[in-house]
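Worksheet for the structure shown next.
Lettering of chains follows the sequences in order, A, B, ..., and the numbering in each one begins at 1.
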Amino acid sequence: MKEMQTTYDPKDFEERIYQKWMQENCFRAEIDPAKVPFTVMMPPPNITGKLHMGHAMDETMQDIVIRFKRMQGYSALWLPGTDHASLATEHKIVEKLHSEGTSKESLGREEFLRRAWAWKEEYGGEIVEQLKKLGCSCDWSRLTFTMDETCSRAVREAFCRLYEKGLIYRGSRIINWCPDCKTALSDEEVVHTEDAGFFWHFAYPVEGSEEKIVIATTRPETMLGDTAVAVNPNDERYKHFVGKTLLLPLTDRKIPVVADDYVDPAFGTGAVKITPAHDPNDFEVGLRHDLPMIRIMGDDGTMNDLCGEFAGLDRYEARKRIVERMKELGLLVKIEPHSHNVGHCHRCNAVVEPLVSKQWFVKMAPLAKPAIDAVVKNKTKFVPDRFAKIYFNWLENIHDWCISRQLWWGHRIPVWYCECGETIVAREDPKVCPVCGSAHLNQEEDCLDTWFSSALWPFSTLGWPEHTPDFDYFYPTDALVTGYDIIPFWVMRMMFSGIEYTEKVPFRDVLIHGLVRDEHGRKMSKSLGNGVDPLDVIAKYGADSLRLSLVTGVAPGNDTRFTEAKVESARNFINKIWNASRFVLMNVDCEVPDLKSIRLQPADRWIISRLMATIREVTVSLQKYDLGIAADRLIDFAWNDFCDWYIELSKPALYGGDPEKKKAALGVLLFVLENTLKLLHPYIPFVTEEIWSYLPGERGNIISEDYPRYNTKLSYKKEAKAFEGVIDLIKTVRAMKVEVSCPPSRKVHLFLVTEQRRLVCVNKQSILRLAGASEIDFIEKGEQAGDKTLSHVTEIGHLFVPLGDLVDIEKEKIRLQKELERVMGEIARADGKLLNKNFVAKASKKLVDDERAKKEKYLDMKEKIEQQLRLFSE
RNA sequence: GGGGGCAUAGCUCAGUUGGUUAGAGCGCACGCUUCACAUGCGUGAGGUCACAGGUUCAAGUCCUGUUGUCCCCACCA
C-alpha cells in the first residue's frame with residue numbers, strides 16, 4: 001500500500017487529481033432517463049477577465065452544489081462558458097490597437113473582428129484554466145462561448161420574435177452615451193457617483209425688455225442646445241415671463257419661456273433651461289411643449305458645427321470658454337459649489353452624456369409583468385428571499401432597454417435596410433428585399449448589448465430554439481448562483497427572456513451571495529490595489545483551503561471578508577483530516593470487516609449516531625443552500641467528535657493486543673472515515689479524492705460515490721446519549737486535575753457512585769487513558785473515598801478523586817459553594833417556568849417534561865454538593 | 001426621495017420554523033515532546049445579543065419606533 005506523507009501538501013496531488021477526473025470523464029452529464037437532471041449554468045466569465053475572489057466564491061458555491069447533487073444521484077450538469085463581453089473586450093482591443101499606433105477605424109470592421117477573434121483565442125481560455133485550478137467540476141465537453149453558432153442562432157431568434165411582437169422598436173430617445181467608448185449604454189451600465197461640481201447662474205435677456213431671467217445649470221455647455229426656459233406655472237415670480245421670448249446668449253436663437261409643473265420653484269432659481277436633446281427631463285418637457293431638439297455634441301464629446309465659436313472644442317473646454325464668455329457679457333450671475341450625481345461609464349469611467357440618439361429598444365413593461373408574477377407565484381425562488389424585494393424593485397421601476405451598441409465586437413443586429421426604404425428583420429441573412437427585390441441591402445451597423453445574449457444563456461447553451469435532447473432534458477435549470485450586484489443586469493433579464501421564449505422560468509432557485517471584501521471590509525478593487533489573487537492563495541495553501549475558507553462562517557447573501565487567517569484555519573482543518581486518515585490507514589494490517597458484521601461497542605454506537613445526525617443535518621442544510629452552516633457542522637463533527645474523541649477512544653482497542661477488538665475498531669474507524677470524506681468532498685474535493693485513493697479495497701473515485709444517507713437503524717439515539725456520560729466523566733476528571741494543578745502525567749484513582757457500572761466497565765480502558773487515571777472503583781452512595789478528596793457531580797454519577805496534598809480544602813469549599821449557587825439558580829429558573837400555569841398549559845409536553853427532568857437533575861446535584869460541603873465542614 | 005442590509009465575546013462572524021445554561025474560528029490565560037497531527041492536545045476566562053416599547057407561557061429570533069452604520073436605486077436643473 002502507498003504511504004501517505006506526514007503532512008498535507010496539496011501541491012503533491014491537486015493537479016494530478018484534476019487530470020484524473022478529466023481523463024475519466026467524471027464531470028460529464030449524460031442524458032439518462034433513469035436519473036433526475038440537476039442543471040446549473042455557470043455565469044460565463046468575461047473573456048477579458050481574470051479569476052478574482054468574487055469568482056472564486058461564486059464558482060466554489062456552484063461546485064459544492066453540483067458535486068452534492070451528482071453524489072446524490074442526479075444527472076448533474078454544470079455547464080461552463082465564457083462571455084464575449086462586447087464593450088469590455090472591444091475597449092481592451094481598441095486600447096491595444098492604440099498602443100500599436102493604429103485604430104479600429106483604420107483597420108476596418110472585418111480586420112478588427114479578425115483581431116478580436118484572435119484575441120479571444122489567445123486570452124479567452126485563460127480563465128478556463130483558472131477554474132480548473134479551483135477544482136470546478138463542470139462539463140467541459142459542453143463549454144460554450146456566447147458568440148458560438150448556437151448562441152448566435154438563439155440571439156437572432158429572440159430578436160426576431162420580440163420584433164414581430166412589437167416589443168423591439170427603433171427610435172430617437174435620450175440615451176446614455178459614452179464619449180470614450182463611443183456607444184450607447186443601458187441605464188444599468190451607468191454608475192452614478194456624487195461628484196463635486198458647480199452651479200452656474202446665467203442670466204438670459206428677455207427680448208424687447210431690460211429684464212433678464214436667471215437660470216442655474218451644472219452643465220453650461222448644454223446651453224447652446226437650449227430651446228426654452230421653463231418655470232413653474234404657479235410661481236408668482238415668473239408668471240409674467242411665461243410666453244415671452246428670450247435671447248439665448250452666445251447664439252442668435254430666440255427661445256420661449258414655458259410653464260411646466262416639472263419645475264420645482266424651491267430649487268435653484270426656479271427657472272430651468274430646457275435642452276431636450278441632452279437631458280432626459282428636458283426631453284420630456286420638450287415633447288410636452290413641442291420644442292425643437294438641437295443636438296450640439298458629437299459622438300466623441302466635442303461640440304459640433306452648430307456651436308459657432310465653440311465648435312470642435314471638447315465638452316469641458318467648451319464649458320470653460322462658455323463661462324468666460326458669459327462673464328464677459330455680464331451674464332454670469334454667480335457660481336456656487338454644488339455636488340450632484342454624475343453618471344459614469346461602468347467600463348471606462350468617462351462621464352456619460354445623456355443625448356438624443358436613434359437606437360434600438362426593448363419595450364419592457366409587457367416583459368416585466370410575467371417576470372414579477374413568476375417570483376410572486378414562487379415559480380422561481382430567491383435564496384435568501386429578501387432578494388426578491390430587490391428584484392421586484394428593479395422590475396417595477398424599469399425603463400425600456402436600449403440594446404443597440406455602436407460596437408463591432410458582438411452580435412450584429414439582424415436588421416437590413418433596403419434602398420427602397422424597407423426595413424427587413426430576419427433570422428437568415430436576406431439576399432434581396434422582399435418588397436422591391438433589390439439586392440442593395442445594408443445590414444444595421446450596430447451590435448447588441450452583451451446582456452441580450454447573456455439573457456438567453458440558460459437555454460441558448462442547450463440548443464434552443466431547437467428542441468435538442470439536451471434542451472428537453474436539462475431545461476429548465478435548477479439553480480442559478482450569482483452575486484446580488486448582478487440581479488439587474490442578468491437575473492432579471494434571464495427571467496423575462498426565459499418566460500417569453502420558452503414559456504418556462506429559466507431556473508427554480510436563485511442562490512444569491514454577497515461580495516468578497518478585503519480584511520478591512522473594503523471592496524476589492526484595482527484602484528485600491530487591495531485585491532488578493534486567488535491563484536496566489538491556491539499556490540500557497542491549495543485550492544481546497546481557499547474553497548473552504550470562502551464558504552465557512554458566511555451567511556447566505558451576506559458580504560464576507562477575505563483573510564489569510566481563514567485560509568490558514570481551513571488548511572489546518574484539512575491537515576487534521578489528512579492525519580486522521582493517515583492514523584486509520586497506518587493501523588490497517590488486516591482485512592477490515594464490514595460494519596454489519598461488527599459487534600458494536602457503546603463508543604462505536606456513539607460515533608455512528610453522531611455521524612448519522614451529521615449526515616441528516618448537512619443534507620438538509622445543503623438542500624437549502626445553507627453552505628456555511630453545513631460546513632460548520634461537518635468541521636465540528638470531523639474534528640471534535642471523530643478526531644478528538646472517537647480516534648482517542650479507539651486506541652485501547654487498537655493497541656490492546658486483542659486482534660478481534662482491533663479489527664472491530666478498524667471497521668468502525670473506516671466506516672466513519674469513508675462517510676466523513678464523502679460528506680466533505682463537495683467542499684474539499686481534491687484532498688478527499690486523494691485520501692480516498694489510499695483507502696483499502698477496490699474502489700472508484702469519491703466524486704462518483706453515493707452521498708451518505710441517514711439510516712434510522714444506525715441512529716442509536718439512546719445509547720449515544722448514555723455514552724455522553726462517559727465523555728462528561730472524562731472531561732470532569734481532566735478539569736479537576738487542572739483545577740488543582742495536578743500534572744497530567746500523574747495518574748489519579750477514581751471512585752464513582754453510579755448506576756451505570758456496565759457502561760463504565762466496558763469503557764474502562766478509554767476512561768483511564770483519556771482521563772489520565774490509574775484505576776476506577778465503584779463505591780456505594782454515602783461511602784467514603786478517603787481523605788482529601790474532591791468530588792464532582794457528572795452525568796454518569798458522583799465522582800470522587802482523592803488528590804492528597806494537592807487538595808486545598810478551603811479553596812474547594814469556595815468552589816463547591818459557587819457551584820451550589822449556580823445549581824440553585826438553575827432550580828429557581830426551572831421553578832419559574834414550572835410554577836407558571838401558563839407554561840405548563842401552553843408549552844409542548846416535551847418541553848415541560850424536559851424542564852421537569854432538568855429540575856430533578858439539579859435537585860440531585862444540589863443534594864450531592866451539600867453532602868460534600870458537610871463532609872468538609874466536619 | 002425610494003428600497004435594502006447590518007448592529008451578538010477583544011477581533012471576524014454563525015445562530016434554520018420563537019423553546020435547554022447564546023455558539024465557532026482567531027486572539028488571550030494556564031498546562032502538555034500523550035506512540036496521526038505543535039498546521040497539534042487538554043483546561044479555562046470572556047457576552048445586560050445597539051436602545052426603547054409591544055406581542056407571547058416563552059424573544060438574540062416576531063412587530064413598532066429610535067440611534068448608529070453600510071449598500072443599491074432615482075431625471076431636482
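A gap of 11 Å separates the C1' atoms of B/rG46 and B/rA29, to the nearest Å. Taking atom P in both B/rG27 and B/rA22, the straight-line distance is 25 Å, to the nearest Å. Rounded to whole Å, the C1' atom of B/rC35 lies 31 Å from the corresponding atom of B/rC28. To the nearest whole angstrom, the two C1' atoms, one in B/rC76 and one in B/rG2, are 15 Å apart. Using C1' as the reference atom, B/rG44 and B/rC6 are 32 Å apart when rounded to the nearest Å. Here, B/rG23 and B/rU67 have their C1' atoms 28 Å apart, quoted to the whole Å. Comparing B/rG60 with B/rG31, their C1' atoms sit 35 Å apart, to the nearest whole Å. A gap of 23 Å separates the P atoms of B/rG53 and B/rG19, to the nearest Å.
Ion pairing of A/Asp385 with A/Lys381 is absent here, as no side-chain N (NZ or NE/NH1/NH2) approaches a carboxylate O to less than 4.0 Å. The pair A/Lys818-A/Glu821 does not count as a salt bridge, with every side-chain nitrogen at least 4.0 angstrom from each carboxylate oxygen.
At the heavy-atom level, A/Ala735 lies under 4.0 Å from the strands shown only through sugar-phosphate atoms. When heavy atoms are screened at a 4.0 angstrom cut-off, A/Lys737 is found touching no nucleic acid atom at all. Counting non-hydrogen atoms under 4.0 angstrom, A/Asp644 reaches the backbone sugars and phosphates but no base. Within 4.0 Å (heavy atoms only), A/Tyr858 reaches at least one base atom of the nucleic acid. Within 4.0 Å (heavy atoms only), A/Arg219 reaches no atom of the nucleic acid at all. If you check every strand for non-hydrogen atoms under 4.0 Å, A/Trp578 touches nothing. Counting any heavy atom pair closer than 4.0 Å across all strands shown, A/Trp639 reaches sugar-phosphate atoms only and no base atom. Contacts of A/Ile215 with the nucleic acid, taken as non-hydrogen atoms under 4.0 Å apart, are absent. As judged by a 4.0 angstrom heavy-atom cut-off over every strand, A/Gly553 is placed among residues touching the sugar-phosphate backbone only. Among the heavy atoms of the strands, none lies under 4.0 Å from A/Asp850.
Closest to the side chain of A/Tyr655, from the set B/rG5, B/rA36, B/rU20, is B/rA36. Distance from the side chain of A/Lys576 is smallest for B/rC37 among the nucleotides B/rA77, B/rC37, B/rA14. Nearest to the side-chain atoms of A/His192 among the listed nucleotides B/rC32, B/rA14, B/rC75 stands B/rC75. In the set B/rC37, B/rG4, B/rC57, B/rC37 carries the atom at the smallest distance from any side-chain atom of A/Asn579. For A/Lys523, taking side-chain heavy atoms from C-beta onward, the closest of the listed nucleotides B/rC72, B/rG42, B/rC75 is B/rC72. Of the candidate nucleotides B/rU16, B/rA77, B/rC57, B/rA77 has the atom lying nearest to any side-chain atom of A/Thr217. For A/Val263, the listed nucleotide lying nearest its side chain is B/rA77; candidates were B/rA36, B/rA77, B/rU20. With B/rG5, B/rA77, B/rC57 as the candidates, the nucleotide lying closest to the side chain of A/Phe839 is B/rC57. Proximity note for A/Val738 (side chain, C-beta onward) versus B/rU16, B/rC41, B/rU43: the nearest is B/rU43. Checked against B/rC37, B/rU39, B/rC72, the side chain of A/Asn572 finds its nearest nucleotide in B/rU39.
The aromatic rings of A/Phe382 and A/Tyr391 sit tilted, their planes meeting at an angle between 30° and 60°.
Here B/rC71 presents its C1' atom at 15 Å from CD of A/Glu194, a figure rounded to the nearest Å. Going from atom CG of A/Leu548 over to atom P of B/rG25 covers 14 Å, rounded to whole Å. Between A/Asn341 atom CG and B/rC73 atom P the separation is 10 Å, expressed in whole Å. Atom-to-atom, CG of A/Leu627 to P of B/rC13 comes out at 18 Å; the value is rounded to the nearest Å. Per the geometry, CD1 belonging to A/Ile727 stands 11 Å off P belonging to B/rU43, to the nearest Å. Distance CD (A/Glu564) to C1' (B/rG25): 16 Å, rounded to an integer number of Å. As a whole-Å value, the separation of A/Leu395 CG from B/rC73 C1' is 13 Å. Distance A/Leu729 CG to B/rG42 C1': 16 Å, rounded to the nearest Å.
A donor N or O paired with an acceptor N or O is not found under 3.5 Å between the base of B/rA58 and the side-chain atoms of A/Glu851. Donor-acceptor pairing under 3.5 Å, judged by distance alone, is absent between the side chain of A/Arg561 and the base of B/rU12.
Regarding contacts with the backbone of B/rA14, a side-chain N or O of A/Asn558 is found under 4.0 angstrom from either OP1 or OP2. Applying the 4.0 Å criterion to OP1 and OP2 of B/rU43, one finds that A/Arg734 has a side-chain N or O inside that range. OP1 or OP2 of B/rA77 has at least one side-chain nitrogen or oxygen of A/His338 nearer than 4.0 Å. Taking 4.0 angstrom as the limit, A/Lys651 places a side-chain polar atom (N or O) nearer than this to OP1 or OP2 of B/rA36.
For B/rG23, the paired nucleotide is B/rC13, the pair qualifying as Watson-Crick or G-U wobble because both relevant distances are below 3.5 Å. B/rA7 is paired with B/rU67 under the Watson-Crick or G-U wobble criterion, all donor-acceptor distances under 3.5 Å. For B/rA36, there is no paired base (Watson-Crick or G-U wobble, both distances below 3.5 Å). In this structure, B/rC30 and B/rG42 make a Watson-Crick or G-U wobble pair, each of the two defining distances being under 3.5 angstrom. In a base pair of the Watson-Crick type (N1 to N3 plus N6-O4 or O6-N4) or a G-U wobble (N1-O2 and O6-N3), with each distance short of 3.5 Å, B/rG47 is matched with no nucleotide. A 3.5 Å limit on both hydrogen-bonding distances identifies B/rG54 as the Watson-Crick or G-U partner of B/rC62.
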Can you list the steps and then say if A/Met364 with A/Met492 is a side chain to side chain contact (heavy atoms under 4.5 Å, CB included)? CA-CA 11 Å; A/Met364 285 308 305; A/Met492 194 174 91; 5.6 Å; no
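Each of A/Lys624 and A/Ser844 was matched to the nucleotide of RNA chain B holding its nearest heavy atom; the match closer to the 5' end belongs to A/Lys624. Between A/Ile390 and A/Asn640, it is A/Ile390 whose nearest contact on RNA chain B lies nearer the 5' terminus.
More than 12 non-hydrogen atoms from other residues, nucleotides or ligands lie less than 6.0 angstrom from NZ of A/Lys854.
In this structure, the ring of A/Phe199 has its center less than 6.0 angstrom from the ring center of A/Phe267.
Using a 3.5 Å distance cut-off with no hydrogens or angles, the side chains of A/His792 and A/Arg815 do pair a donor with an acceptor. The closest side-chain donor-acceptor pair between A/Asn530 and A/His520, if any, does not fall under 3.5 angstrom. Looking at A/Lys540 and A/Ser545, their side chains never bring a donor and an acceptor atom within 3.5 Å of each other.
A cation-pi geometry, defined here as NZ or CZ lying under 6.0 Å from the six-membered ring centre and within 45° of its normal, does not hold between A/Lys576 and A/Phe642.
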